[in-house]
Amino acid sequence: MNKSQARGYLLEIVLSKLIEINGYESIRTADNYEIVSEHHGLNVKGRGGLHQFDTLGRFRITPPFVYPLRLFVEAKFQSNPVGIDRVRMGIGILDDVNSNYSTVQMGHQQLTVERYQYHYAIFSASGFTDNALRLAIAHKIQLIDLSGDEYRVILDFINEIVECLSDIYSQENSTISKEDFAEFKEQFSKIIREESDESDFIYSREILDAVKDLKCVINGMNLYFATVNNQFIIPLLSDKKFKNSLSMNPHKYIAIKRKEDHPNKWIITSKDNQDFLIRFTLPNVLHEYMISNINHKDNIAMDIKENRIGRLVFIAYLDGYNPTLCTLKFDKDFTQTKLE
C-alpha cells in the first residue's frame with residue numbers, strides 16, 4: 001500500500017467522525033441481508049456482485065417517499081486532482097447496489113426487510129478535474145473538495161502520521177504492507193472514535209502524539225452538509241462556537257463574502273453577532289461560472305449568492321439525539337455592510 005492510499009483510508013475515518021453531526025452513523029457489522037462479511041472485510045450486495053467498502057453509513061432521518069439513505073464515503077488524499085475514473089467507479093457501484101431488488105421469488109420475511117437507497121460521495125484533498133465534476137453532476141455523485149485552507153490542519157496531521165508509519169514499515173519501494181496498515185488503521189479508528197484509550201496503542205510515542213493532536217482538532221469541529229438551490233452540496237466546516245450558536249437559534253441571516261486572495265473561497269458570518277466564522281470552497285465549475293464574465297463579475301458573484309447559495313439548509317443533531325432543521329439565509333444589505 002502506498003502513502004496516498006494510506007492517507008485516504010485515514011481521512012475516511014476522520015470524515016466519518018466529523019459528519020456524525022448530520023445524523024450519519026457508520027456501519028461496522030454485517031446484517032446478513034445486504035451487508036455481508038467476506039474477503040476480509042464488509043461488503044454490500046449488489047445485483048451482480050459484492051462491493052467491499054471501508055466507510056459506509058446510514059442517516060438517521062428518512063424523508064417521506066424514499067428508502068432510508070446510506071452513503072458510501074470515499075476519500076482521496078493524493079497530489080493530483082481526482083479524475084474521471086473514480087467517478088466512473090462510483091457510478092458502477094451505485095447502479096449495481098440500487099438495482100439489486102427482485103421481489104418475484106421473495107418470501108414474506110424477505111419482503112419485510114428494510115431496503116435502502118445508496119448514494120456516493122468522493123472527498124478529495126486535491127480537488128477534482130473538470131471532467132470528473134461534469135460526470136459526477138450528470139450521475140448524482142457528490143464531490144466534496146477538501147483543498148481549502150480550512151482543512152489544512154487535518155490533512156497535515158494525517159500526512160505526518162503516514163510519514164511516521166512509512167519510516168517504520170516501508171522498504172525501498174516506500175510502501176506499507178496491507179497487514180501492517182490494517183492493524184494500525186483499527187487502532188487509529190478506535191482512538192478517533194473514542195472506543196479505546198491510549199493504553200492499547202502499540203506504536204511509537206511520536207505517532208500517538210500526532211493521533212492525539214488530530215483527535216483533539218476534530219473533536220473541536222463539525223462538518224455540516226448544506227443543500228442549496230443547485231446540484232452542489234456545500235460542506236461547512238466549523239468549530240463548536242457555530243454549534244452552540246445554532247442551539248440558540250438554528251435560523252440565521254448571514255453575510256457571504258469572497259476572499260480577496262482566493263476568489264473561490266468564501267466566508268460566512270452571522271447577522272446576530274454570534275462569534276463564529278465559517279469558510280468553504282466552491283466547486284471549480286460553479287466558481288468558473290461566477291467569473292465567466294469578467295466585466296460583470298461582481299454582479300455575477302452577487303447573483304450566485306442570492307440565487308444559488310443564498311439559502312443553505314441542513315439537518316444537525318445538536319444535542320446528539322434530536323434532529324434540528326437549520327437554515328442560513330443570505331442577507332444582501334448585511335453582506336454589503338460587511339464588505340465596506
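For reference, positions follow the sequence shown, starting with 1.
- Side-chain contact check for Met221 versus Leu18: some heavy-atom pair is nearer than 4.5 Å.
- Between Phe225 and Tyr24, the distance separating the two ring centers is not shorter than 6.0 angstrom.
- Heavy atoms of other residues, nucleotides or ligands lying less than 6.0 angstrom from CZ of Arg47 number 12 at most.
- Judged by distance alone, with hydrogens and angles left aside, the side-chain atoms of Asp96 form a donor-acceptor pair with the main-chain N or O of Gly48 at under 3.5 Å.
- A salt bridge links Asp31 with Arg70; the closest basic N to acidic carboxylate O contact falls under 4.0 Å.
- Not one N or O on the side chain of Asp145 forms a donor-acceptor pair closer than 3.5 Å with the backbone of Phe128.
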Item to complete: Check the pair Ser26, Arg193 against side-chain contact (heavy atoms from CB on, under 4.5 Å), reporting the backbone distance first and the verdict last.
Response: CA-CA 11 Å; Ser26 294; Arg193 291 175 170 143; 3.6 Å; yes
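- Of the possible polar contacts, none joining the Asp180 side chain to the Ser177 backbone as a donor-acceptor pair under 3.5 Å is found.
- Connection of Ile61 to Leu325 is established within a shared hydrophobic cluster, with ILVMFWY side chains joined at heavy-atom distances below 4.5 Å, either directly or through further cluster members.
- Distance alone, capped at 3.5 Å, places no donor-acceptor pair between the Thr327 side chain and the His251 backbone.
- Taking CD of Glu25 as the start and CD of Glu20 as the end, the distance is 8.5 Å to the nearest 0.5 Å.
- Considering all non-hydrogen atoms of both residues, Leu15 and Ala75 come closest at CD1-CB, 4.0 Å.
- Under a cutoff of 6.0 Å and an axis angle of 45°, Arg58 and Tyr116 do not form a cation-pi pair.
- Between Leu155 and Ala125, the shortest heavy-atom contact is CD1-CB, 3.8 Å.
- In terms of hydrophobic clustering, with Ile, Leu, Val, Met, Phe, Trp and Tyr side chains grouped at heavy-atom distances under 4.5 Å, Phe181 and Leu208 are assigned to a common cluster.
- Centroid-to-centroid, the aromatic rings of Tyr203 and Phe184 come within less than 6.0 Å.
- The main-chain N or O of Glu186 is never found under 3.5 Å from a side-chain atom of Ser189 such that the two would form a donor-acceptor pair.
- A heavy-atom distance below 4.5 Å is not found between the side chains of Leu237 and Leu146.
- Ile191 and Leu11 fall within the same hydrophobic cluster, defined by Ile, Leu, Val, Met, Phe, Trp and Tyr side-chain heavy atoms under 4.5 Å apart, directly or through other members.
- Here the straight-line distance linking atom CZ of Arg60 with atom OH of Tyr321 works out to 9.0 Å at 0.5 Å rounding.
- A 4.5 Å side-chain heavy-atom check between Leu69 and Pro63 finds at least one atom pair inside the cut-off.
- For the pair Val14/Lys17, no side-chain contact is recorded, criterion being any heavy-atom separation below 4.5 Å from C-beta on.
- Under the 3.5 Å distance criterion, the side-chain polar atoms of Gln5 are matched with a main-chain donor or acceptor of Asn2.
- Under the 4.5 Å side-chain heavy-atom criterion for ILVMFWY residues, a single connected hydrophobic cluster contains both Leu10 and Val153.
- Counted within 6.0 Å of NZ on Lys178, heavy atoms from surrounding residues, nucleotides or ligands total 12 or fewer; the atom is thus considered open.
- For Lys185, the NZ atom counts as densely surrounded, since its 6.0 Å shell holds more than 12 non-hydrogen atoms of other residues, nucleotides or ligands.
- Here the CG atom belonging to Leu246 is positioned 7.5 Å from the OG atom belonging to Ser238, to the nearest 0.5 angstrom.
- Judged by distance alone, the side chain of Asp333 and the main-chain N or O of Asp331 form no donor-acceptor pair under 3.5 Å.
- Using cut-offs of 30° and 60° on the angle between ring planes, the pair Phe53 and Phe72 is perpendicular.
- At least one side-chain heavy atom of Leu312 sits less than 4.5 Å from a side-chain heavy atom of Ile254.
- The structure places CG of Asp149 at 8.5 Å from CZ of Arg279, a figure rounded to the nearest 0.5 Å.
- Not a single donor-acceptor pair under 3.5 Å links the side chain of Gln117 to the backbone N or O of Tyr67.
- Looking at Ser126, its side chain does come within 3.5 Å of a backbone N or O of Asn80 through a donor-acceptor pair.
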Could you go through the ring-ring contact (aromatic ring centres under 6.0 Å, His included) check for Tyr9 and Phe188 one step at a time?
CA-CA 11 Å; Tyr9 284 128; Phe188 175 87; over 10 Å; no
- request: Show your working on side-chain contact (heavy atoms from CB on, under 4.5 Å) between Arg88 and Asp85 and close with a plain yes or no.
  value: CA-CA 5 Å; Arg88 287 197 186 107; Asp85 288 347; 2.7 Å; yes
- [ ] In sequence, state the C-alpha distance, the side-chain angles, and the governing distance for Leu236 and Leu328, and then conclude on side-chain contact (heavy atoms from CB on, under 4.5 Å).
- [x] CA-CA 11 Å; Leu236 305 176; Leu328 306 179; 3.9 Å; yes
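- The number of heavy atoms from other shown groups lying within 6.0 Å of CZ (Arg311) does not exceed 12.
- Heavy-atom minimum distance, Ile234 versus Ile309: CD1-CG2, 4.4 Å.
- The backbone N or O of Tyr118 lies less than 3.5 Å from a partner atom in the side chain of Asn98, making a donor-acceptor pair.
- For Phe201, the CZ atom sits in a packed shell: over 12 heavy atoms of surrounding residues, nucleotides or ligands are nearer than 6.0 Å.
- Between Val97 and Lys45, the closest heavy-atom pair is CG1-O, 4.0 Å.
- A donor atom on one side chain and an acceptor atom on the other are found under 3.5 Å apart for Thr281 and Glu150.
- No continuous path of hydrophobic side-chain contacts links Tyr317 to Phe314 [ILVMFWY only; heavy atoms under 4.5 Å].
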#### Entry: Candidate pair Asn219 and Lys240, rule side-chain contact (heavy atoms from CB on, under 4.5 Å), full reasoning
CA-CA 9 Å; Asn219 279 348; Lys240 297 300 183 182; 5.8 Å; no
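- More than 12 heavy-atom neighbours from other residues, nucleotides or ligands sit within 6.0 angstrom of CD on Gln52.
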